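Counting starts at 1 for both ligands and their atoms, following the listed order. As the structure is a computational prediction, the values presented were derived from the model and not from experiment.
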Amino acid sequence: MIKINVKAGAAAKQRDDAVVLPILAGRKLTASGRALQACTGKTISQYLRKFDQLGEFGDIGMLYEVEGSFSQRIVFAGAGEEKGLSLDGLRRLSARVARQLERGGSRDISMYLTELSVRGASLADKVQAVAEGIQLGLYRFDKYQSQKKKNTRELRSATIMIESRKALASAETAVMRARAIAAGTNFARDLANEPGNVCIPEWLGEQAASLSHKKLKVTVMDKKAIEKAGFTALLAVNQGSAKEPRFIVLEYAGGKKADKPVALVGKGLTFDAGGISIKPAAQMDEMKFDMCGSAAVLGIFKAAISMGLPLNLLGVIASTENMLGAAAYKPGDIVTSYKGLTIEVQNTDAEGRIILSDALAYAAEQKPAEIIDFATLTGACVIALGAQASGLMGNNDKLIRGLKKSGDHTHDRVWQLPMYEEYQEQIKSEIADIRNIGGREAGTITAACFLSRFVDDIPWAHVDIAGTAWNMKGTDISPVGATGAGVRLVLDYLQKRS
Ligand code: BES
Ligand code: ZN
Ligand code: ZN
């Protein structure tokens with residue numbers, strides 16, 4: 001794990017493998033770059049005159065062993081037009097630079113990227129974005145690649161340079177926050193990237209238990225305990241699987257005893273074959289990621305604990321596989337849920353809402369202040385929003401507004417879909433209380449309508465991360481695989497709330 005420091009000081013004085021300076025469109029340097037240029041004779045000026053890409057966003061240029069600088073490399077990180085720069089741009093740029101320098105064998109680097117101005121952002125915001133970018137961008141899941149793992153030399157330390165000593169304290173706090181957030185996100189990624197033969201419900205329970213801390217209580221219910229508690233909807237989905245389900249409850253007591261907790265609920269489907277309504281073969285392997293909702297919950301807990309967030313949290317995860325077998329639940333079955341509502345199963349592949357019904361009903365029973373659930377719930381959400389935003393629905397405007405704001409701020413974005421009463425018609429059943437599919441139209445919304453029946457009148461928001469939870473292309477801040485969607489979003493929300 002890379003160490004991140006903050007320091008104030010001139011670029012010419014640093015003795016590092018690389019000193020990273022921003023360069024703006026039009027080959028414009030910022031203050032530290034100009035100061036370094038003044039110490040290094042003509043080298044930088046000559047180089048800049050020849051530098052082709054003119055500081056376009058994401059371009060990286062390097063100079064080696066420049067006289068007047070003690071560092072091995074001077075690295076120019078193209079930031080584009082300064083007025084167009086966002087915190088997300090800063091996060092992405094930091095990620096790219098860190099990755100490229102690691103590939104080149106650097107071990108210790110210092111970065112002057114927070115000198116860039118970002119409209120509406122404080123220095124602490126910028127330090128946090130840079131620190132997050134470095135740690136998220138360097139993330140790898142290579143434990144199963146025996147050769148690669150051995151051969152990579154890791155970046156050891158990154159020092160975020162700031163202009164004034166006076167801001168050191170607040171910058172250090174920002175780094176601490178970023179460290180917790182990135183560790184939480186990368187933990188969620190680690191859990192979700194595990195293959196489905198390793199990440200089974202039992203293993204997920206062990207991972208939850210591994211978060212142990214004096215302010216945290218983790219209860220992992222095995223099949224027997226689940227039967228006893230009456231989580232019958234979860235048991236129905238589990239019928240076709242050779243592996244036991246788990247129902248996981250986390251209680252974090254960071255707030256006052258009397259404070260109602262915020263409940264975080266996650267879909268922990270460790271593999272979704274679709275059940276008897278089997279999925280097509282293409283990309284079915286990606287359904288190992290169907291537990292990303294639960295991974296987000298665990299990532300948020302990990303970060304909340306390490307930040308010491310002063311509030312109470314309740315985590316609830318329902319976990320099983322959705323498989324086919326002689327005992328599997330079938331289209332046409334009627335399942336009685338924990339809450340007592342009966343569910344007509346018309347498609348066994350719409351299993352997420354079924355297991356969440358028990359998790360949400362249990363959460364609602366604990367009378368939390370609000371409930372936020374995370375689930376890779378619908379293919380329809382991937383079609384509607386793609387990978388750029390998670391679907392957001394719920395029954396409470398204030399909660400929705402808060403999440404929307406945090407989504408924009410963290411760039412872990414959400415977009416609201418309407419929950420008009422009329423949509424509820426689509427999940428009416430002729431023979432049970434509700435049915436588990438609502439037809440092709442508005443599939444993301446009717447799934448949320450289903451969930452809404454289990455939260456009573458508690459303020460509730462549902463985050464459909466089907467399109468955002470993993471990616472098969474890789475982005476600046478995430479390699480191919482799980483992204484940790486939802487973690488930054490909710491940590492920002494919780495922080496503002498406390
Ligand atoms: N886990 C899937 C949703 C999903 C599909 C997430 C693709 C990410 C990518 C979920 O359990 C599911 O299969 N939903 C069905 C519901 C349908 C049968 C009403 C879907 O979206 O096709
Ligand atoms: Zn499914
Ligand atoms: Zn699923």
- Any side-chain donor paired with an acceptor under 3.5 Å for E102 and Q100?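 Distance-only check fails for E102 and Q100.
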
Indicate, as side chain, backbone, both or neither, the part of [X] found under 4.0 angstrom from ligand 1 when only non-hydrogen atoms are considered.
| X | answer |
| --- | --- |
| L377 | backbone |
| N347 | side chain |
| E286 | neither |

Under a 4.0 Å threshold between the charged nitrogen and the carboxylate oxygen, would [Y] count as salt-bridged to [X]?
| X | Y | value |
| --- | --- | --- |
| K496 | D492 | yes |
| K267 | E351 | yes |
| E227 | K224 | no |

Ligand-side contact atoms (ligand 1) for residue partner [X], heavy atom cut-off under 4.0 Å:
| X | result |
| --- | --- |
| I437 | 19 (C) |
| G379 | 3 (C), 4 (C), 5 (C), 20 (C), 21 (O) |
| E351 | 11 (O) |
| D290 | 1 (N) |
| T376 | 1 (N), 2 (C), 3 (C), 6 (C) |
| K267 | 1 (N), 10 (C), 11 (O) |
| D272 | 1 (N), 2 (C), 10 (C), 11 (O), 13 (O) |
| A466 | 6 (C), 8 (C) |

- Do me a favour and list the nearest non-hydrogen protein atom to atom 12 (C) of ligand 1 with residue, atom name and distance?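 Answer, as residue, atom name and distance: D349 O, 3.2 Å.
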
- At what distance is the nearest protein heavy atom to atom 9 (C) of ligand 1, and which residue and atom is it?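 For atom 9 (C) of ligand 1, the nearest protein heavy atom is M287 CE, 3.6 Å.
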
- Any side-chain heavy-atom pair from K126 and I160 closer than 4.5 angstrom?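 No, every pair of side-chain atoms sits at 4.5 Å or beyond.
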
- Please list, in chain and residue-number order, the protein N/O/S atoms closer than 2.8 Å to the Zn ion (ligand 3).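 Metal shell, protein only: K267 NZ, D272 OD2, D290 OD2, E351 OE2.
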
Is there a donor-acceptor pair under 3.5 Å between the side chain of [X] and the backbone N or O of [Y]?
| X | Y | answer |
| --- | --- | --- |
| Q239 | A327 | yes |
| N193 | T483 | no |
| R435 | Q426 | yes |
| D358 | A233 | yes |
| T376 | A466 | no |

- Test the K302-F187 pair against the cation-pi criterion, namely NZ or CZ under 6.0 angstrom from the six-membered ring centroid and within 45° of the ring axis.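 Checked: cation-pi criterion met.
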
- Charged tip of R189 within 45° of Y139 ring normal and under 6.0 Å: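 Pair R189/Y139 counts as cation-pi.
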
- Query: Do ligand 1 and T378 have nitrogen or oxygen atoms that lie under 3.5 Å from each other?
  - Reply: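 No, there is no polar N/O contact under 3.5 Å.
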
- Query: Judged by non-hydrogen atoms, does W470 sit under 4.0 Å from ligand 1?
  - Reply: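 It does, in that a heavy atom of W470 comes within the 4.0 Å cut-off of ligand 1.
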
- Query: Quick one: does R353 get within less than 4.0 Å of ligand 1, heavy atoms only?
  - Reply: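 For ligand 1, residue contact (heavy atoms, under 4.0 Å) with R353 is present.
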
- For the ring pair F247 and Y362, is the centre-to-centre distance below 6.0 Å?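 When the ring centroids of F247 and Y362 are compared, they turn out to be within the sub-6.0 Å range.
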
- Let me see the working for Y252 and K217 under side-chain contact (heavy atoms from CB on, under 4.5 Å), right down to the final yes or no. CA-CA 7 Å; Y252 167 69; K217 186 178 158 209; over 6 Å; no

